[in-house]
Amino acid sequence: MEITTRGLWTLVHGMGFGALYLLACSGALVELWRRYAKDDLSPISEREEAFLRWYLLAMAVLAWITVLTGTYIIYPWYRAVPPVGTANLAGYPQRLLLSNPATSGWHSIGMEWKEHVAWLVPISITMAFAVFNHHRRNLRNHPELRATVLSFMVVSFLAAGIAGFFGAMLNKHAPVEGGPTIRVMEGESR
Amino acid sequence: MTNGSGAAAVLAAGLGSFTLAATAIAADESSTIKNLMNFYHPTGPLSGVTTAAILVWIAFWIVLERHWRNRNVAMGRVGAIALVFLVLSLLLTFPPIADLF
(Lines give C-alpha, C1' and ligand atoms only; values in the text may rest on other atoms or scores of the structure.)
Protein backbone atom coordinates (compact mmCIF):
# COMPACT_ATOMS: atom_id res chain seq x y z
CA MET A 1 0.00 0.00 0.00
CA GLU A 2 1.72 3.13 -1.25
CA ILE A 3 0.93 6.80 -1.66
CA THR A 4 2.86 9.53 -3.44
CA THR A 5 3.75 12.71 -1.53
CA ARG A 6 1.54 14.75 -3.86
CA GLY A 7 -1.30 12.31 -3.28
CA LEU A 8 -0.75 12.57 0.47
CA TRP A 9 -0.86 16.39 0.37
CA THR A 10 -4.10 16.24 -1.62
CA LEU A 11 -5.54 13.82 0.92
CA VAL A 12 -4.51 16.00 3.87
CA HIS A 13 -5.87 19.16 2.17
CA GLY A 14 -9.24 17.70 1.17
CA MET A 15 -10.09 14.85 3.50
CA GLY A 16 -8.15 16.31 6.40
CA PHE A 17 -8.55 20.08 6.66
CA GLY A 18 -11.44 20.58 4.23
CA ALA A 19 -13.64 17.75 5.46
CA LEU A 20 -12.93 18.67 9.08
CA TYR A 21 -14.07 22.24 8.35
CA LEU A 22 -17.33 20.99 6.85
CA LEU A 23 -17.96 18.78 9.88
CA ALA A 24 -17.14 21.61 12.28
CA CYS A 25 -19.36 24.06 10.40
CA SER A 26 -22.58 22.21 11.15
CA GLY A 27 -21.72 22.14 14.87
CA ALA A 28 -20.97 25.87 15.02
CA LEU A 29 -24.13 26.74 13.11
CA VAL A 30 -26.29 24.76 15.54
CA GLU A 31 -24.57 26.21 18.60
CA LEU A 32 -24.79 29.81 17.41
CA TRP A 33 -28.40 29.41 16.26
CA ARG A 34 -29.63 27.53 19.35
CA ARG A 35 -27.76 29.09 22.27
CA TYR A 36 -27.41 32.71 21.19
CA ALA A 37 -31.00 33.38 20.15
CA LYS A 38 -32.57 36.39 21.82
CA ASP A 39 -35.53 34.36 23.12
CA ASP A 40 -33.30 31.72 24.75
CA LEU A 41 -33.43 32.72 28.41
CA SER A 42 -31.14 30.01 29.79
CA PRO A 43 -27.83 31.47 31.01
CA ILE A 44 -24.67 30.89 28.99
CA SER A 45 -21.78 29.76 31.16
CA GLU A 46 -18.25 31.07 30.70
CA ARG A 47 -17.19 27.55 29.80
CA GLU A 48 -19.76 27.35 26.99
CA GLU A 49 -18.73 30.76 25.72
CA ALA A 50 -15.02 29.87 25.80
CA PHE A 51 -15.76 26.60 24.03
CA LEU A 52 -17.43 28.35 21.09
CA ARG A 53 -14.64 30.94 20.91
CA TRP A 54 -11.98 28.25 20.61
CA TYR A 55 -14.20 26.24 18.26
CA LEU A 56 -14.61 29.19 15.86
CA LEU A 57 -10.91 30.03 16.10
CA ALA A 58 -10.04 26.43 15.22
CA MET A 59 -12.44 26.61 12.25
CA ALA A 60 -10.80 29.83 11.03
CA VAL A 61 -7.34 28.25 11.30
CA LEU A 62 -8.59 25.16 9.45
CA ALA A 63 -10.11 27.30 6.68
CA TRP A 64 -6.89 29.27 6.20
CA ILE A 65 -4.71 26.14 6.18
CA THR A 66 -7.06 24.53 3.66
CA VAL A 67 -6.98 27.40 1.14
CA LEU A 68 -3.26 28.05 1.60
CA THR A 69 -2.25 24.41 1.08
CA GLY A 70 -4.64 24.19 -1.86
CA THR A 71 -3.44 27.39 -3.53
CA TYR A 72 0.28 27.25 -2.85
CA ILE A 73 1.11 23.54 -2.61
CA ILE A 74 -1.40 21.50 -4.63
CA TYR A 75 -2.55 23.96 -7.31
CA PRO A 76 0.98 24.44 -8.77
CA TRP A 77 1.17 20.65 -9.28
CA TYR A 78 -2.31 20.65 -10.80
CA ARG A 79 -1.56 23.42 -13.33
CA ALA A 80 1.99 22.33 -14.21
CA VAL A 81 2.75 22.69 -17.93
CA PRO A 82 4.16 19.56 -19.60
CA PRO A 83 7.22 19.79 -21.85
CA VAL A 84 6.40 20.02 -25.57
CA GLY A 85 5.63 16.62 -27.06
CA THR A 86 4.63 14.95 -23.77
CA ALA A 87 2.25 12.13 -24.66
CA ASN A 88 1.43 10.87 -21.18
CA LEU A 89 -0.38 13.69 -19.34
CA ALA A 90 -0.91 11.72 -16.11
CA GLY A 91 1.41 14.06 -14.18
CA TYR A 92 -0.34 17.18 -15.53
CA PRO A 93 -3.96 17.04 -14.27
CA GLN A 94 -5.15 20.32 -15.79
CA ARG A 95 -3.82 19.41 -19.25
CA LEU A 96 -5.16 15.89 -18.93
CA LEU A 97 -8.67 17.19 -18.23
CA LEU A 98 -8.53 19.76 -21.03
CA SER A 99 -7.31 17.16 -23.54
CA ASN A 100 -10.73 15.48 -23.61
CA PRO A 101 -14.09 17.25 -24.19
CA ALA A 102 -15.71 14.75 -21.85
CA THR A 103 -13.56 15.91 -18.93
CA SER A 104 -12.64 19.53 -19.78
CA GLY A 105 -15.68 20.88 -17.88
CA TRP A 106 -14.22 19.55 -14.64
CA HIS A 107 -11.48 22.11 -15.11
CA SER A 108 -13.27 24.99 -16.86
CA ILE A 109 -16.20 24.94 -14.44
CA GLY A 110 -15.12 22.78 -11.49
CA MET A 111 -11.59 24.00 -10.81
CA GLU A 112 -12.24 27.56 -12.01
CA TRP A 113 -15.09 27.85 -9.49
CA LYS A 114 -13.38 25.93 -6.70
CA GLU A 115 -10.14 27.93 -6.75
CA HIS A 116 -12.02 31.19 -6.14
CA VAL A 117 -15.11 30.24 -4.15
CA ALA A 118 -13.02 28.45 -1.52
CA TRP A 119 -11.50 31.79 -0.48
CA LEU A 120 -14.90 33.07 0.67
CA VAL A 121 -14.66 30.51 3.48
CA PRO A 122 -11.71 31.91 5.52
CA ILE A 123 -13.00 35.45 5.06
CA SER A 124 -16.45 34.50 6.38
CA ILE A 125 -15.34 32.35 9.28
CA THR A 126 -12.62 34.79 10.40
CA MET A 127 -15.31 37.46 10.52
CA ALA A 128 -17.61 35.12 12.48
CA PHE A 129 -14.84 34.44 15.00
CA ALA A 130 -14.00 38.14 15.35
CA VAL A 131 -17.64 39.11 15.90
CA PHE A 132 -18.21 36.35 18.43
CA ASN A 133 -14.93 37.08 20.22
CA HIS A 134 -15.97 40.73 20.55
CA HIS A 135 -19.61 40.28 21.55
CA ARG A 136 -19.64 36.83 23.19
CA ARG A 137 -22.91 36.26 25.12
CA ASN A 138 -23.88 39.85 24.36
CA LEU A 139 -24.58 38.62 20.83
CA ARG A 140 -28.03 37.68 22.17
CA ASN A 141 -28.78 41.40 22.36
CA HIS A 142 -27.89 41.90 18.67
CA PRO A 143 -30.21 39.53 16.79
CA GLU A 144 -29.61 41.18 13.40
CA LEU A 145 -25.83 40.88 13.79
CA ARG A 146 -26.21 37.24 14.86
CA ALA A 147 -28.47 36.53 11.87
CA THR A 148 -25.94 38.07 9.48
CA VAL A 149 -23.07 36.06 10.98
CA LEU A 150 -25.16 32.90 10.71
CA SER A 151 -25.93 33.70 7.05
CA PHE A 152 -22.22 34.17 6.31
CA MET A 153 -21.51 30.85 7.97
CA VAL A 154 -24.19 29.12 5.88
CA VAL A 155 -22.62 30.59 2.71
CA SER A 156 -19.17 29.50 3.92
CA PHE A 157 -20.56 25.99 4.46
CA LEU A 158 -21.98 26.04 0.92
CA ALA A 159 -18.71 27.40 -0.54
CA ALA A 160 -16.67 24.77 1.31
CA GLY A 161 -19.10 22.10 0.06
CA ILE A 162 -18.71 23.30 -3.56
CA ALA A 163 -14.90 23.32 -3.23
CA GLY A 164 -14.93 19.90 -1.57
CA PHE A 165 -17.24 18.35 -4.15
CA PHE A 166 -15.22 19.61 -7.13
CA GLY A 167 -11.98 18.72 -5.38
CA ALA A 168 -13.13 15.12 -5.02
CA MET A 169 -14.40 14.93 -8.61
CA LEU A 170 -11.23 16.51 -10.03
CA ASN A 171 -9.10 14.08 -8.10
CA LYS A 172 -11.24 11.23 -9.41
CA HIS A 173 -10.82 12.23 -13.06
CA ALA A 174 -7.25 13.57 -12.94
CA PRO A 175 -5.54 12.86 -9.64
CA VAL A 176 -2.63 15.00 -8.48
CA GLU A 177 0.11 12.40 -8.18
CA GLY A 178 3.87 12.34 -8.19
CA GLY A 179 6.91 12.90 -6.06
CA PRO A 180 8.54 10.37 -3.78
CA THR A 181 6.42 7.34 -2.89
CA ILE A 182 5.60 6.53 0.71
CA ARG A 183 5.02 2.87 1.51
CA VAL A 184 2.25 2.78 4.13
CA MET A 185 2.28 -0.99 4.73
CA GLU A 186 3.06 -4.24 2.97
CA GLY A 187 0.10 -5.98 1.29
CA GLU A 188 -0.40 -9.66 0.57
CA SER A 189 0.10 -10.89 -2.98
CA ARG A 190 -1.98 -13.78 -4.33
CA MET B 1 -22.06 47.41 23.98
CA THR B 2 -22.42 49.00 20.53
CA ASN B 3 -22.82 46.97 17.35
CA GLY B 4 -20.31 49.04 15.33
CA SER B 5 -17.39 46.61 15.55
CA GLY B 6 -19.55 43.70 14.51
CA ALA B 7 -21.06 45.68 11.65
CA ALA B 8 -17.59 46.73 10.48
CA ALA B 9 -16.42 43.10 10.43
CA VAL B 10 -19.54 41.96 8.56
CA LEU B 11 -19.47 44.68 5.89
CA ALA B 12 -15.70 44.31 5.38
CA ALA B 13 -16.15 40.55 4.85
CA GLY B 14 -18.83 41.20 2.23
CA LEU B 15 -16.70 43.81 0.46
CA GLY B 16 -13.59 41.60 0.62
CA SER B 17 -15.50 38.66 -0.86
CA PHE B 18 -16.87 40.83 -3.64
CA THR B 19 -13.37 42.19 -4.37
CA LEU B 20 -12.16 38.62 -4.79
CA ALA B 21 -14.86 37.82 -7.35
CA ALA B 22 -14.47 41.14 -9.19
CA THR B 23 -10.66 40.84 -9.34
CA ALA B 24 -10.92 37.25 -10.59
CA ILE B 25 -13.19 38.40 -13.42
CA ALA B 26 -10.91 41.34 -14.23
CA ALA B 27 -7.86 39.04 -14.35
CA ASP B 28 -9.76 36.67 -16.62
CA GLU B 29 -10.81 39.43 -19.02
CA SER B 30 -7.63 41.53 -19.18
CA SER B 31 -4.20 40.10 -19.94
CA THR B 32 -2.61 43.17 -18.32
CA ILE B 33 -4.39 42.55 -15.01
CA LYS B 34 -3.71 38.83 -15.35
CA ASN B 35 0.02 39.52 -15.58
CA LEU B 36 -0.14 42.02 -12.72
CA MET B 37 -1.81 39.40 -10.53
CA ASN B 38 0.90 36.84 -11.14
CA PHE B 39 2.55 37.35 -7.74
CA TYR B 40 3.82 33.78 -7.45
CA HIS B 41 4.46 32.08 -10.75
CA PRO B 42 3.71 28.43 -9.79
CA THR B 43 0.21 29.47 -8.64
CA GLY B 44 -0.27 32.08 -11.38
CA PRO B 45 -2.80 34.95 -11.25
CA LEU B 46 -4.75 33.22 -8.45
CA SER B 47 -1.95 34.26 -6.07
CA GLY B 48 -2.46 37.95 -6.86
CA VAL B 49 -6.25 37.81 -7.02
CA THR B 50 -6.52 36.26 -3.56
CA THR B 51 -3.75 38.37 -2.00
CA ALA B 52 -5.28 41.60 -3.36
CA ALA B 53 -8.73 40.60 -2.07
CA ILE B 54 -7.36 39.78 1.39
CA LEU B 55 -5.52 43.13 1.56
CA VAL B 56 -8.64 45.04 0.45
CA TRP B 57 -10.75 43.11 2.99
CA ILE B 58 -8.35 43.95 5.85
CA ALA B 59 -8.10 47.59 4.74
CA PHE B 60 -11.91 47.94 4.67
CA TRP B 61 -12.09 46.26 8.07
CA ILE B 62 -9.56 48.66 9.65
CA VAL B 63 -11.22 51.76 8.18
CA LEU B 64 -14.77 50.68 9.11
CA GLU B 65 -13.67 49.60 12.60
CA ARG B 66 -12.13 53.04 13.21
CA HIS B 67 -15.31 54.78 12.12
CA TRP B 68 -17.90 52.54 13.76
CA ARG B 69 -16.35 50.94 16.86
CA ASN B 70 -18.08 53.24 19.34
CA ARG B 71 -21.28 53.67 17.35
CA ASN B 72 -24.53 51.87 16.88
CA VAL B 73 -25.24 51.44 13.17
CA ALA B 74 -28.35 50.24 11.31
CA MET B 75 -27.36 46.58 11.49
CA GLY B 76 -30.30 45.35 9.43
CA ARG B 77 -29.26 47.51 6.49
CA VAL B 78 -25.51 46.89 6.88
CA GLY B 79 -26.10 43.13 7.20
CA ALA B 80 -28.32 43.09 4.12
CA ILE B 81 -25.73 44.99 2.05
CA ALA B 82 -22.95 42.67 3.25
CA LEU B 83 -25.01 39.61 2.37
CA VAL B 84 -25.81 40.97 -1.09
CA PHE B 85 -22.05 41.38 -1.69
CA LEU B 86 -21.40 37.85 -0.39
CA VAL B 87 -24.11 36.21 -2.52
CA LEU B 88 -22.92 38.21 -5.55
CA SER B 89 -19.40 36.89 -4.89
CA LEU B 90 -20.69 33.33 -4.79
CA LEU B 91 -22.50 33.84 -8.09
CA LEU B 92 -19.73 35.81 -9.81
CA THR B 93 -17.12 33.16 -9.08
CA PHE B 94 -19.31 30.62 -10.95
CA PRO B 95 -17.58 30.47 -14.38
CA PRO B 96 -20.72 30.50 -16.62
CA ILE B 97 -21.78 33.75 -14.89
CA ALA B 98 -18.26 35.20 -14.75
CA ASP B 99 -17.90 34.56 -18.49
CA LEU B 100 -20.84 36.86 -19.22
CA PHE B 101 -18.58 39.85 -18.57
Q: Tell me if a side-chain donor or acceptor on Thr43(B) pairs with a main-chain N or O of Leu46(B) at a distance below 3.5 Å.
A: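 Such a contact is absent between Thr43(B) side chain and Leu46(B) backbone.
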Q: Between Ala98(B), Gly14(B), Gly76(B), which shows the greatest number of heavy-atom pairs under 4.5 Å with chain A?
A: Gly76(B)
Q: Out of Tyr75(A), Trp77(A), Tyr72(A), which one racks up the most heavy-atom pairs below 4.5 Å with chain B?
A: Tyr72(A)
Q: Checking the side chain of Arg53(A) only, and the main-chain atoms of Asn133(A) only, is there a donor and an acceptor separated by less than 3.5 Å?
A: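 Looks like no, no N/O pair under 3.5 Å.
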Q: Counting heavy-atom pairs under 4.5 Å with chain A, which one of Asp99(B), Ile54(B), Val78(B), Val49(B) comes out on top?
A: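 Most heavy-atom pairs within the cutoff with chain A belong to Ile54(B).
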Q: Counting only heavy atoms closer than 4.5 Å, note whether Ala7(B) contacts chain A via side chain, backbone, both or neither.
A: backbone
Q: Between the main-chain N or O of Val63(B) and the side-chain N or O of His67(B), is there a donor-acceptor pair closer than 3.5 Å?
A: yes
Q: Under 4.5 Å heavy-atom distance to chain A, tell me which part of Leu20(B) shows up: side chain, backbone, both or neither.
A: side chain
Q: Can you tell which of Ile123(A), Val81(A), Ile109(A) has the highest number of heavy-atom pairs within less than 4.5 Å of chain B?
A: Ile123(A)
Q: Taking only Lys NZ, Arg NE, NH1 and NH2, and the carboxylate oxygens of Asp or Glu, determine whether Asp40(A) and Arg35(A) approach each other closer than 4.0 Å.
A: yes
Q: Would you say Thr86(A)'s side chain and Pro82(A)'s backbone share a donor-acceptor pair under 3.5 angstrom?
A: no
Q: Can you say whether Thr2(B) sits under 4.5 Å from chain A via the side chain, the backbone, both, or neither, judging by heavy atoms?
A: backbone
Q: What about the rings of Phe132(A) and Tyr36(A), do their centers lie closer together than 6.0 Å?
A: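 Yes, ring centres under 6.0 Å apart.
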Q: Does the Thr69(A) side chain pair with the main chain of Thr66(A), one donor and one acceptor, at a distance under 3.5 Å?
A: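 Checking the backbone N and O of Thr66(A) against the side chain of Thr69(A), a donor-acceptor pair under 3.5 Å is found.
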Q: State, with a plain yes or no, whether a side-chain heavy atom of Met75(B) is found less than 4.5 Å away from one of Thr148(A).
A: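 Yes, close enough: below the 4.5 Å cut-off.
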Q: If you count heavy-atom pairs under 4.5 Å between each of Ser47(B), Ala21(B), Pro96(B) and chain A, which one has the most?
A: Ser47(B)
Q: What part of Leu158(A) is in contact with chain B, defined as an atom under 4.5 angstrom from a non-hydrogen atom: side chain, backbone, both or neither?
A: side chain
Q: Give, as side chain, backbone, both or neither, the part of His142(A) having an atom under 4.5 angstrom from any heavy atom of chain B.
A: side chain
Q: Do you know which of Val149(A), Thr126(A), Leu139(A), Ile162(A) has the most heavy-atom pairs under 4.5 Å to chain B?
A: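 Of Val149(A), Thr126(A), Leu139(A), Ile162(A), Thr126(A) has the most heavy-atom pairs under 4.5 Å with chain B.
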Q: What part of Tyr40(B) is in contact with chain A, defined as an atom under 4.5 angstrom from a non-hydrogen atom: side chain, backbone, both or neither?
A: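 Just its side chain gets close to chain A.
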